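Okay, so here's the structure we're looking at.
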Amino acid sequence: MSNVHELKYLKEKIEGLKADGVYRTLPVFDGANEAEINLNGKRVINLSSNNYLGLANNPRMKAAAIKAVEKYGVGAGAVRTIVGNMDLHEALETVLAKFKREEAVMVFQSGFNCNAGTIQAITDKGDLIISDELNHASIIDGVKLSKADKAVFKHSDMAHLEDILKEKRDQYANVLIITDGVFSMDGDIAKLPEIVALAEKYSAMTYVDDAHGSGVLGEHGRGTVDHFGLHGRVDFSIGTLSKALGVIGGYVAGSQTMKEWLSHRGRPILFSTSLPPAALGALIEGVNMLIDSDEYSIKLWDNAKYFKENLGKLGFNTGKSETPITPVIIGDEAKAMAFSKQLLENGVFVSPIVFPTVPKGTGRVRCMVTAGHTKEQLKKAVEVFEKVGKEMGLI
Ligand SMILES: *Cc1c(COP(=O)(O)O)cnc(C)c1O
C-alpha cells in the first residue's frame with residue numbers, strides 16, 4: 001500500500017528537475033549581505049544580491065534599527081487596522097511620499113504581497129487589466145486574484161498594447177495597464193512615456209512596478225517615473241524596500257484616494273501583521289539618506305558601467321540591459337547552471353537563472369553589481385569570468 005504521506009508525486013517531480021539539470025539546493029551564507037560573503041564556508045565575491053546601494057549592512061541604518069527595537073520592541077503586534085499601526089509606519093510613509101514626490105504612500109510587508117494585495121483591490125468585475133508578458137511573478141499572481149478580465153501584451157510592444165486598447169477599451173468601466181519599470185531578468189526599461197501617452201489617449205490607468213528602478217533610476221534613485229519626468233501621470237507606483245533599500249517591505253506611491261481605499265480593501269493590510277519596528281527604523285533612516293545624497297546611485301552606475309563594459313569586451317552576451325542588471329546569456333539551461341557552478345569554484349557567486357524564470361533556451365547567469373563593490377573586487381570578478389568562460393568554450 002502506498003503511503004500518501006510519502007508525497008510520491010512530488011518526489012517524481014523533483015526527479016524530473018534532476019533529469020533536466022535544473023535541480024538546486026539553497027545557498028547558505030553567514031554574516032551580512034555584502035560585496036563579499038562567506039558562502040558555504042568560503043569567501044566569495046557576491047554578484048547575486050539585489051542590495052543595489054549596498055545598504056543591507058549600513059551602519060547608520062543598523063543603529064536606527066536598534067534604536068527602534070529599544071523603544072518599540074521586536075514586533076508590531078497586530079495588523080495595521082487593529083493595533084499594528086505605529087507612528088513609525090506613518091513616518092515611513094510620509095518620508096517615502098516625499099522621496100517619490102507623490103501625494104501619499106501605502107506600505108506593505110513585501111513587494112510581493114503589495115502586488116498581490118493592490119491589484120485585486122483596485123480592479124473589479126467589469127474592468128480590464130492589460131499586463132506586459134514579462135511582468136514579475138507577483139504581478140501575475142496579483143492579476144490572477146483580481147475579478148477583472150485580463151489581457152497580455154507582447155513585451156514592450158506598443159503597437160500590440162494599442163491594438164488591445166483599441167479593440168477592448170469601450171467594453172470596460174476601467175482599464176489598468178501594468179508594467180515593470182525595469183525588467184528584472186534583462187535589465188531593460190519599460191517604454192513608460194509611450195505607455196502613459198497611450199493610457200491618456202484611451203482613458204486608462206497606469207501601474208508601474210519599480211522594484212528594480214527605485215534607488216537606481218532617476219534623480220537620487222527616485223525611480224522610473226522620475227527618470228522619464230512623468231510625475232503626476234502614473235496612477236500607481238510600486239516599489240520595494242528590500243532591494244535598493246536593503247531591508248524588507250513594499251509600497252504603493254500615488255494619490256491619497258489610493259491610500260484610503262487600500263487601507264479598507266488591501267487584504268495584506270487587513271489580514272497580515274505590519275512591518276516590525278527594526279525594519280521601520282532602518283527604512284526611515286535609509287530613505288532620508290537617499291533624499292540627502294545621490295552618492296549611492298552614482299557609485300552603483302559607475303560600478304555597473306565598468307563591469308558591463310569589461311564583460312562585453314571579453315565577448316560575453318550581456319543582452320539589452322539599460323540598467324545595472326547584467327545578464328550573461330548562455331542559452332542552454334544546464335550549461336548556465338554549470339557556468340555558475342564553475343564561477344563559484346573560482347570565488348565568484350552569480351546565480352543561474354533558468355526556465356521558468358526566463359524563457360526556455362535563454363538560460364543565463366545574472367550579475368548584480370552594487371554600490372558596495374570595490375573596483376578591485378569587480379576586476380577580480382571579470383578575470384574569473386574570462387578564465388571560466390575560456391575553459392568552458394563560451395568565449
Ligand atoms: C523583487 C520584486 C518584487 C518582490 O519584492 P519583494 O520586496 O522582494 O517581495 C516585486 N516586483 C518586482 C518587479 C520585483 O523584481
Side-chain angles (χ1 to χ4, degrees), residues 26 33 48-53 55-56 92-93 96 100 105-120 122 129 131-145 152 155-156 176-192 195 206-218 221 223-225 227 234 236-253 266-269 272-276 278-280 282-283 286-287 300 321-327 351 353 356-358 364 366-370:
L26 299 178
N33 193 322
S48 284
S49 80
N50 295 319
N51 182 23
Y52 282 112
L53 302 179
L55 298 180
L92 175 59
E93 290 176 337
L96 268 173
K100 296 293 285 187
V105 163
M106 191 69 171
V107 165
F108 286 73
Q109 301 87 339
S110 78
F112 195 106
N113 86 357
C114 178
N115 280 325
T118 300
I119 296 169
Q120 60 167 318
I122 59 172
I129 298 171
S131 181
D132 187 290
E133 67 178 339
L134 291 191
N135 279 344
H136 189 260
S138 57
I139 293 177
I140 296 169
D141 287 9
V143 171
K144 275 188 194 155
L145 290 168
V152 173
H155 177 51
S156 283
L176 180 69
I177 304 170
I178 305 185
T179 183
D180 278 13
V182 172
F183 289 86
S184 56
M185 294 304 144
D186 291 298
D188 53 321
I189 304 173
K191 293 179 179 160
L192 209 51
I195 292 173
T206 43
Y207 181 110
V208 178
D209 179 351
D210 218 15
H212 286 276
S214 289
V216 177
L217 286 172
T224 309
V225 171
H227 171 74
V234 169
F236 305 92
S237 275
I238 281 62
T240 68
L241 303 167
S242 55
K243 287 177 176 142
L245 278 154
V247 189
I248 190 86
Y251 60 89
V252 193
R267 291 170 71 83
I269 302 295
S272 184
T273 299
S274 56
L275 285 172
L280 298 165
L283 286 164
V287 178
L300 166 68
S321 174
E322 305 166 78
T323 60
I325 295 169
T326 307
S351 313
I353 303 207
T357 308
V358 292
R364 66 196 64 185
R366 185 184 56 163
C367 310
M368 303 297 276
V369 175
T370 74

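Numbering of ligands and ligand atoms starts at 1, following listing order. Note that the coordinates shown come from a computational prediction; the quantities given were computed from them, not determined experimentally.
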Determine the sole option in I119, I178, I238 for which the side-chain contact (heavy atoms from CB on, under 4.5 Å) test with D209 is passed.
->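 Checked I119, I178, I238 against D209; only one passes side-chain contact (heavy atoms from CB on, under 4.5 Å): I238.
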Passing candidate, side-chain contact (heavy atoms from CB on, under 4.5 Å) with H212, options D180, T323, N50 =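 Looking at D180, T323, N50, the match for H212 under the side-chain contact (heavy atoms from CB on, under 4.5 Å) is N50.
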Looking only at side chains, do D210 and T224 share a donor and an acceptor under 3.5 Å apart?
-> yes
Pairwise salt bridge (charged side-chain N to carboxylate O under 4.0 Å, His left out) hits with a residue in residues 133-145, at least two apart | none
Return the set of residues passing salt bridge (Lys or Arg N to Asp or Glu O under 4.0 Å) with R364 (not counting sequence neighbours), or none when no residue passes.
->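 For R364 the salt bridge (Lys or Arg N to Asp or Glu O under 4.0 Å) partners, ignoring immediate neighbours, are D186.
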Could I get the full list of side chain to side chain contact (heavy atoms under 4.5 Å, CB included) partners for D132, not counting sequence neighbours?
-> L134, N135, F153, H155, S156, T179, F183
For ligand 1, run through the N/O pairs with the protein that fall under 3.5 Å and put one pair on each line.
unit_1   : atom_1 : unit_2 : atom_2 : d
ligand 1 : 7 (O)  : G111   : N      : 2.8
ligand 1 : 7 (O)  : S242   : OG     : 2.7
ligand 1 : 8 (O)  : S242   : OG     : 3.3
ligand 1 : 9 (O)  : G111   : N      : 3.2
ligand 1 : 9 (O)  : F112   : N      : 2.9
ligand 1 : 11 (N) : H136   : ND1    : 3.4
ligand 1 : 11 (N) : D209   : OD2    : 2.6
ligand 1 : 15 (O) : H212   : NE2    : 3.0
ligand 1 : 15 (O) : K243   : NZ     : 2.6

